[in-house]
Amino acid sequence: MATSDPTVKTAPAVDETGPDSSRILQTRGLRKAFGGLTATDDVDFALEAGELRCLIGPNGAGKSTFLDLLTGRLEPTAGKIYYDGADITGLPSHERVDRGISMKFQVPSVYEGLTVAGNLRIPLQRVVEPDAFDARTREILERFDLLAERETVAGELSHGQQQRLEIGMAMAMEPNLLLLDEPVAGLSVEETADIADLLREIADDDGVAVIVIEHDIDFVETIADRVTVLDGGSIFREGSIEEIRTDPEVKRIYLGEDR
Amino acid sequence: MLELTDLHASYGKTPILRGVDVDVDAGEIVGIMGKNGVGKTTLVKAVMGLLEVDDGRIRFDGTDVTDEPADVRARRGMGYIPQGRDVFPELTVAENLRIGETINEGDDRLQYEAVYDYFPILEERRDQEAGTMSGGQQQMLAIGRALVGNPELLLLDEPSEGVQPSIVQDVTRNLRRVNEELGTTILFVEQNLHVVQHLAERCYAIDKGTIVDELEGDRLDSREAVTEYLAV
Amino acid sequence: MGNSSAFWLGLAVAVAVLAALPVLFGLYAAEVGSVFLAYALLGMSLAFIWGYCGILSFGQVAFFGVAGYAFGIVAINAATLTGLTLAVLAALGVSTAFAAALGYFMFYGGVRDVYVTILTLVVALVLYTFMGQTAGGEWAIGDARLGGFNGMSGVPDLAIGVGSTGVEIGPLGHYYVTLGALVATYLGLRALVNSRFGYAMVATREDEDRTAMFGYDTTFVKLVVFTIGGAIAGLGGVLFTTQNNYVDPSVFGITAAALPVVWASVGGRTSLLGTVGAALAIQFVDYRLALSGSEWALVLIGSLLVFVVLVMPEGVAPRLHEYVLEYREDADPSPVPRDSSAATEEVSD
Amino acid sequence: MLELLNFGFEFVEIFAFIVLATVGLAVIFGMMGIINLAHGEFILVGAYATTFTFDAGLPLPLAMLAGVVLTAVYGLVLERLIIRHLYGRLLDSMVVTWGISLVMIQLTRIVFGNTAPGIGIPYGQLPVVDGPIYYLVLAVVAVGVLGGLYALFTWTDFGIRARATMQDETTARSMGVDTDRMYMTTFAVGSGLAGLAGALYAPVMTVTPEYGTGFLIETFVAVVVGGASVLVGTVLASGLLGTVNAAVTNVAGTFMGQVAMLIAAIVAIRLMPEGITGMLADWRESRGESQ
């Protein structure tokens, strides 16, 4: 992961200090370069357990790359990722999943050919014993309001139902950290409100830390504890939704209200 | 010139458009604004013929084109600029532009001069592969490509998306010039306040798949009136 | 369907009818029937890997034929009870190892989709070319002459045993052994696809990347499935070769390679039984046409394939299944909720 | 020196064979995402048309032209009847075209029997190397075909529109390109090229109903190794496989040459799962990014 590129900012001091144990997730000097393009640049990010954080920023700000680094779909060029006190930087995706990081993709990617119950079984059989499938399936279906669709083939669900099913599948893994890429894209106002309630509940009642990438600032306002603004691959601002909304610099680069 | 009557369309089984009525006169610049996910892209695709409508009619230049495929509509004079630009990445700039020649078959005046005049970078980079250009340059190429065949109507799907503010301003200015100098009618969908206020002469607001308001003059110039319908 | 008592009853009746065939039509029918049943095993191996894990192999005959040759080589050299038993094991071992090696190269090499399909076909075609040029006397392993396009003849019958205790399996016995192998393989695969691993397979078929994000090692899943498919095809090949006492390069040829694809496509690749039914029906018609001196069998088979893929891409059995379900729903307006701890629809048969 | 000449001649022979056998399939695969398993039987159509028109008294070049044209027309008809239902269904397209292949082989056997009239290899033997002059003609034609395709896809309206359709059908359609017609024409061009291979090799290989099968291994291996980019992929794959094949053939005979080629192909695929062109694209991308 180290590179001979002299411009790389290495931070040996970081490695010595190690992770802060009160945080569920922490990144130190995280950097990802594709050839000459730096998509994520020296990001120090920290998240408390049970916190719901929104990531916003203009297109190309490096939001998706950052998420991919957390899930292990991409390897960082430099820097460290700590999860639950342990360094997970080099771990492959499936081992991170086993440790409790779960991800929902931008486009709903349920198994369209399987029933709703069949979809849930894929993550469930990774974490619970076969005799518990039924009970757990019912529990999740009730919670995500899909009980009536139990035997429906997922490809025939509405867009909103698919989004809920996919969040349900991610939650079936019993994660401690849930990563969501634009969970309300393409949803109606009512469906968006449902998802907002669900996410708040997941953070507050289940104590799961959640990171949400989102464009819809109204949605961000209804759910976020704190907001991180990315720009050009780096953290540009971080704060409460009020601080972010009124920050003139954020308006200039992203919200664009100043004209 | 373009008449949409009671248009219904769905994405899979989810209805997206639930009865849209829009009229555009020749030479106008009309905007359709709305937040994420209210049906803007679906509407443009339906007009272009890239998506089958469930119900309603589309009339273009006095002809009912509802059942015609996209390529026939393009040859009738619709120039389309897709969201996210969608230039042909492995074709050169010049080849991309050449594809646009098919638009508006009835009119054989090609607008290369105008295109190169508005976007000189396209002439400089004629032989570069389009996929290697920046987002803003690709946006210019997408507009240039649609313009080369001298379309009667330009259809734009969120021209500001993924483009930095300075280029958005440049694109907005050039679209106004296109309208003035070539007489091209323009219909666009947007959620960017700047583009809505600086480009549109008249603007529909869309929400939950229907037109909920129509703004002109002072109301279009008023920030408060417009932001009510935008995501910001 | 798939779990209902009606299904099991139907299956039992079908097996009983197949078991009664030699009694009704005599020994000759048993000999011909054995070949069809061996083909059905080959078809099932393809339906399993294609229908349940999305791996379309055009070269299942490679494992079928390799097992046949491997059995022949060992059996001709050691035509004792022990030798023949070892020959069966060797044949299954060779075809399984061959599938595992090919699968390892492909899946761990990142070869996907259509490239897998073409590669497997090319492997079969190269084996065809290779075996075709083994006519010379130097192409003999011990007493077993490969024989080029004339093939390897004098392959002994099936026999199982050690030393002097065991059974030599005659034509009638061979029929029942093959039928038993088919039924056992079906039940085994059924149990497999309804297990945890079965869900992992189906999930890999549906969306490999997504499944990896749930912590599954999808490359390994594909390798295992492909290897099992090769083993089943190999089993079919052994039973085929021991029935005919003969194997030649045409088992690797383009026409032979097409047949499993025809059976699975026509019968329905997501239905193991549909594929078996299609294999038996199509090969029976083919046989009758050949008997009557007609040359039109291949034309018919090819046209059937084109027709079915265009008109009902999922195959005949799944389509019939839908009709049955609709009929039942019409008959009974309050459908009984299915027991989901047992197989769900898409995984069971 | 003579050995080098022999190797060179062997290479030219095999390279020409792979190129001519592959381009038709590569055009249809690369441009349309259809893998035509009946490709060998399209070649067969070209060979039969050439053989029988030659036998009827047509001069050889004209008979070959007839082979090309008839195969193109045949492809056009098949495209309208069957293939057009299979766009975007790659695996189904392979299965269906395999069915077509079975039907064609057997129909040929029923209608024409197991043999066809022979055509002698024209132009006589080369002086130094042991081989017919005709093989050099084939090589010239192969290079000509590659050049012609390059010109067609780079300079003509048709070529540019076909490439645009290949990259993004929806956008091409919305720019006024009649993509249906692009597909139809491309399929006819690919079929015509298959017919050309059949016609050119009719004097060299014995024409039987299984004639097309003789082309399959080289063809599919080259397409897999080449990847989706028609021209670059075909040329590079043919060059690579031709070199390996010729070198081994020279030492150990035709069959071992084929085996060596297959091994080279498997190694190549192990190293570049997306084919040569996939690797080139990655390489270009990484270069582009580092600039």
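Heavy atoms only: backbone and side chains are in, while hydrogens, waters and symmetry mates are out. Protein chains get the first letters and strands the later ones, always in sequence-line order, with residue 1 at the start of each.
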Please give me the minimum heavy-atom distance between [X] and [Y], naming the atom from each residue.
X      : Y      : answer
A:Q125 : C:R196 : NE2-O, 2.7 Å
A:L114 : C:E206 : N-OE1, 4.2 Å
C:T211 : A:Y111 : OG1-OH, 2.7 Å
A:I122 : C:Y199 : CD1-O, 3.4 Å

Is it the case that more than 12 heavy atoms not belonging to [X] sit under 6.0 Å from its [atom1] atom?
X      : atom1 : value
C:F307 : CZ    : no
C:Y104 : OH    : no
A:F133 : CZ    : yes

task = Please state whether the side chain, the backbone, both or neither of A:P92 comes within less than 4.5 Å of a heavy atom of chain C.
result = neither
remark   = When the 4.5 angstrom heavy-atom criterion is applied to A:R96 and chain C, the contacting part is neither
ask   = Less than 4.5 Å apart, any side-chain heavy atom of A:E166 and any of C:R210?
value = yes
request  = Verify, without hydrogens or angle tests, whether A:R126 (side chain) and C:G215 (backbone) share a donor-acceptor contact under 3.5 angstrom.
outcome  = yes
task = Examine whether an atom of C:A203 lies under 4.5 Å from a heavy atom of chain A, and if so say whether it belongs to the side chain, the backbone or both; otherwise answer neither.
result = both
